[in-house]
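Encoded as structure tokens, the structure appears first; notes follow it.
Computed from a predicted model, the values in this text were never measured in an experiment. Below, each value reflects all heavy atoms present in this structure, side chains not excepted, and no hydrogens, waters or symmetry copies. Reminder, nothing fancy here: chain letters follow the sequence lines and each chain counts from 1.
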Amino acid sequence: MKVVFMGTPEFALSALKKIAKKHDVICVYTREPQIAGRGNKLTKSPVHQWSEENGILVRTPKTLRSPEAQKEYADLRADIAVVAAYGLILPQPIIEAFPKGCINIHGSLLPRWRGAAPIQRAIEAGDDKSGITIMNIVQALDAGDMLLKGEVKITKETTGEILHDQLAELGAELIVQALNQIDELQSKAEKQNESLVTYAAKIDKKESLIDFNLSAEELERKIRAFNPYPAMYFEYKGERIKILKAEICHQNGKAGMILEGEQALIIACGKEALSVQELQRAGKKKMTIKEVLNGFKFENIVLS
RNA sequence: CGCGGGGUAGAGCAGCUCGGUAGCUUACCAGGCUCAUAACCUGGGGGUCGGUGGUUCAAAUCCACCCCCCGCAA
């Protein structure tokens, strides 16, 4: 099949790689290069870079609302479009441009977690499973009929990064399967149950400052969900310290109080306490707590 | 030229202002002790102090340039 692929980050790239093995990807749409990284360098998206390296036509329109962009798109005469974390809203003419439509890879078991950050929100909420839904694109956000699903368990070890990678892999497999059976799947597409819809709000950097008034249980989930990005952190004597991994510890104390800072790092929360297992100090690489404490001790102060 | 922190033993750090025999924790090796613990005691090995050049009687430390790692912002 002739496929147009629309995607931007790593998550989309794993799908693109697999599709390109089985189908004819005639054009890739991705976000235009952004100013990013130290030194504010103009950086091409992962999908952009890989596509160029593999000789696939790349387009990076700022918007798809213009008639010119829409005509250029339609002129590709593809069979179908696959969208995965693209980053631009698709107007109706784009959605309807190709005969077999426009399908999307979404990182949750819809209708739960429509929206921008389904992977992290599932962990944060304490869900015991997540997954991939392949669905038709419609104008309303992530509301299209569902074609194919796959599940992944969320365990106590599941971090945002792990789940992201698992779902990227699963998404890649399912999208290839969906393309192979597209007509059959379309004939039995399933509507989403609107009463079960939840929304996964975009992650705001402000959320990553730890509020020790929350329970240790809630904070541990946030720490896992937001590892490695944006990573939950606290300020210790003006220094930003990210917690990458922590365990719940059955101790209590004034919220934010460092109960132990030499043999271990244990911080009291609203309910119980967190024993930090892995952290990253500003300017340093991430380290296990044992490594940190070999050369750095925390005083028993109260973190605000 | 976006802002900033850092590179010293395998790992984590101190020492740098104020140049003068490189130190701490841990890991490792050997011996002892122990039912057991991130155990304890004794002894030991391990470093061209990121690189190059400069200043100096003397540079981890001061100066210049370069390489590498990371945090923030976006």
So which pairs with a foot in residues 125-138 of chain A pass salt bridge (charged side-chain N to carboxylate O under 4.0 Å, His left out), sequence neighbours left out? A:Arg112-A:Asp127, A:Lys129-A:Glu151

Rounding to an integer number of Å, can you tell me how far A:Gln277 CD sits from B:rA38 P? 13 Å

Who pairs with A:Tyr236 by ring-ring contact (aromatic ring centres under 6.0 Å, His included), at least two apart in sequence or on another chain? A:Phe298

Looking at residues at least two apart in the chain, or sitting in another chain, which of them share a ring-ring contact (aromatic ring centres under 6.0 Å, His included) with A:His23? none

Contacts table for residues 3-12 of chain A: side-chain donor-acceptor under 3.5 angstrom, sequence neighbours left out:
unit_1 : atom_1 : unit_2  : atom_2 : d
A:Thr8 : OG1    : A:Thr30 : OG1    : 3.4
A:Thr8 : OG1    : A:Arg31 : N      : 3.3
A:Thr8 : OG1    : A:Tyr86 : O      : 2.7

With sequence neighbours left out, write down each residue that passes side-chain hydrogen bond (donor to acceptor under 3.5 Å, both in side chains) with A:Gln181, or none if nothing qualifies. A:Gln177

Does B:rC40 pair with anything, Watson-Crick or G-U wobble, both distances under 3.5 Å, and if so, with which nucleotide? B:rG32

Could you let me know what B:rG12 is paired to, Watson-Crick or G-U wobble, both distances under 3.5 Å, or none if it's on its own? B:rC24

For nucleotides 67-74 of chain B, read 5' to 3', which letter fits each nucleotide if B means a protein heavy atom sits under 4.0 Å from the base, S means only the sugar-phosphate is that close, and - means neither? --SBBBBB

Set of side-chain contact (heavy atoms from CB on, under 4.5 Å) partners for A:Ala216, sequence neighbours left out: A:Ile248, A:Cys269, A:Glu272, A:Leu274

Flag for A:Gln192-A:Asp142: side-chain donor and acceptor within less than 3.5 Å: no

So, using ring-ring contact (aromatic ring centres under 6.0 Å, His included) as the criterion, who are the partners of A:Phe98 when residues are at least two apart? A:Tyr73

For nucleotides 8-11 of chain B, tabulate all protein N/O to nucleotide N/O atom pairs closer than 3.5 Å, reporting atom names and distance.
unit_1 : atom_1 : unit_2   : atom_2 : d
B:rA11 : O2'    : A:Glu291 : OE2    : 2.9

